[in-house]
Amino acid sequence: MTERNCVSYTTMIMGLVQKGFWSEGIWVFRDMRWFGVGPNEVTMVNVISAYLHCGGIKVDKMLHGLVLKIGVTGFVHVCTNLLHLYCFRGCLKDASVLFNEMPEKNVVSWNVMLNGYTKAGLVDLGKEVFEQIVDKDVVSWGTIIDGYLQAARLNDAVKIYREMLYTGLRPNDIMIVDFLSTCGQVMSNFEGKQFHGVAVKLGFDLLDFIQATIIHFYAACGAVDLAHLQFEIGNKDHVACWNALIAGLVRNRKINEARDLFDHMPARDVFSWSSMISGYSQSEQPDLALGLFHEMLASGVKPNEITMVSVVSSIASLGTLKEGRWAHDYICKSSIPLNDNLSATLIDMSEYFPDNFMGLNTKLISLSSLSWPMFGLTD
DNA sequence: ATAGGGTTAG
């Protein structure tokens, strides 16, 4: 660095953040602070953005304090980014306080607040925010629609969608993905087919991620032939399309066809391996599941908590204590996060080995985020 | 100069 001033630091931070080098951007920011160079509003926008993507240490309050200290609360970009940071961390209380105090709000600020509520599952609160937006754009509509879809309220989402059409706005590719994905999940054949039609009319079915979602939708509704057809006419360079069809075949109990496709893939990611392993695990072929899991490790793809559910479940049905110990160890050592499903599967496995897994149950229950209904206490 | 929705695995 030639000169340590605000502009040169800010330019450097901005360059790094735009290229996705978040932690490097933060490093430069800390250097800037160390040398006592004062940031401006552009610095703050980029630094907040870097912390947003970096996870790690929670410095939200420090950034907020700094924003107040250097007096840039009047810049709507700065406050909107800060709002985004609070929402992303799940601090909706802090977010709404900031939102109400913001001297200026534009449609992006409103959309960030709206997204904060819907992503937290508070879609009805989100709807209240949505209704107050005077200049709703396609992102505002898409965000509230996705909120209803995530809550599996397909009819409410379609109702809002029609209101949007009436205002003259047209859906974008992301909205179509949201609808088709939910139609697959709740097996709404009728609505899904119509959104497929919308996608074709708007030319979105040329996009690879839409193609993968269409395959997923048809397979989830049991229309394997239509899923196959979309795969055949689509872009086979996109690994998600292969994954969607493999998962669809597995779901429809066509495990050998799935394996054939899996063997002919140009590249396999964690989705491909997990789908195939879960296919064997669910079709009572735990030995094949574990064999494939070891091939996965050898190929260098790192398993995650979803892969490990199938692996642990397969080990439980084989009753091989040594493998069970190894898998439990592997999960701890690789810091694979325990979700409800994986905790339950580990507890289930431990019951096959009562003597050797003494104490594991209580440890897991206290460590995990297991919801009480899983224990049947509410029924 | 700087900002906001998303897909495929259980």
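Distances were taken from every side-chain heavy atom of A:N106 (C-beta onward) to each of B:dA3, B:dG10, B:dT8; the shortest belongs to B:dA3. Comparing atom distances between the A:V139 side chain and each of B:dA1, B:dT8, B:dG5 picks out B:dG5 as nearest. Set against B:dA1, B:dG10, B:dT8, the side chain of A:Q282 has B:dG10 as its closest nucleotide. Out of B:dG10, B:dT2, B:dG5, the shortest distance to the side chain of A:V42 is found at B:dT2. With B:dT2, B:dA3, B:dG5 as the candidates, the nucleotide lying closest to the side chain of A:V138 is B:dG5. For A:A240, the listed nucleotide lying nearest its side chain is B:dT8; candidates were B:dG5, B:dT8, B:dA1. Set against B:dT7, B:dG5, B:dA9, the side chain of A:V177 has B:dT7 as its closest nucleotide. Proximity note for A:V108 (side chain, C-beta onward) versus B:dT2, B:dG10, B:dA3: the nearest is B:dA3. In this structure, of B:dT2, B:dG10, B:dA1, it is B:dT2 that holds the atom nearest to the side chain of A:H77.
Listed by first and then second residue, the ring pair (Phe, Tyr, Trp, His ring centres under 6.0 Å) pairs involving residues 132-173 of chain A are A:F130-A:W141, A:Y161-A:F179, A:Y161-A:F195 (not counting sequence neighbours).
Atom CE in A:M276 sits roughly 19 Å away from atom P in B:dT8 (whole-Å rounding). The interatomic distance linking A:H84 (NE2) with B:dA3 (C1') rounds to 8 Å, in whole Å. The CG atom of A:L63 sits 20 Å away from the P atom of B:dT2 (whole-angstrom rounding). What separates CG of A:L83 from P of B:dG5 is a distance of 12 Å, to the nearest Å. The separation between A:L180 atom CG and B:dT7 atom P is 12 Å, rounded to whole Å. With rounding to whole Å, A:D173 atom CG is found 10 Å from B:dG5 atom C1'. Across the protein-nucleic acid pair, A:N304 atom CG and B:dA9 atom C1' stand 8 Å apart, rounded to whole Å. As rounded to whole Å, 16 Å separates atom C1' of B:dT8 from atom CD1 of A:I277.
The aromatic rings of A:Y330 and A:W326 lie parallel to each other, with less than 30° between the two planes, well short of the 60° mark.
At a threshold of 4.0 angstrom between heavy atoms, the contacts of A:S181 are confined to the sugar-phosphate backbone, with no base atom among them. Using a 4.0 Å heavy-atom distance criterion, A:Q211 is classed as making no nucleic acid contact. A:S274 comes within 4.0 angstrom of a base, heavy atoms only. Within 4.0 Å (heavy atoms only), A:A244 reaches no atom of the nucleic acid at all. Residue A:A247 is in sugar-phosphate contact alone, with no base atom involved, counting any heavy-atom pair closer than 4.0 Å across all strands shown. Within the nucleic acid shown, A:V309 has no heavy atom closer than 4.0 Å to any nucleic acid atom. Backbone-only engagement by A:H216 is indicated by non-hydrogen atom pairs under 4.0 Å involving sugar-phosphate atoms exclusively. Looking at heavy-atom distances under 4.0 Å, A:N81 makes contact with sugar-phosphate atoms alone, never a base.
Between A:D156 and A:K127 no salt bridge is recorded (no basic side-chain N to carboxylate O distance below 4.0 Å). Using a 4.0 Å cut-off between charged side-chain N and carboxylate O, A:D329 and A:R325 make no salt bridge.
One finds no side-chain N or O of A:S310 lying less than 4.0 angstrom from the OP1 or OP2 phosphate oxygen of B:dG10. Taking only side-chain nitrogens and oxygens, A:R268 never comes nearer than 4.0 Å to OP1 or OP2 of B:dA9.
Counting only N and O atoms by type, the side chains of A:S8 and A:N5 include a donor and acceptor under 3.5 Å apart.
With ring centers used as reference points, A:Y51 lies 6.0 Å or more from A:W22.
The base of B:dA9 has none of its N or O atoms less than 3.5 Å from a complementary donor or acceptor on the side chain of A:D269.
In terms of modelled atom types and a separation under 3.5 Å, the side chain of A:T213 and the main chain of A:V177 share no donor-acceptor contact.
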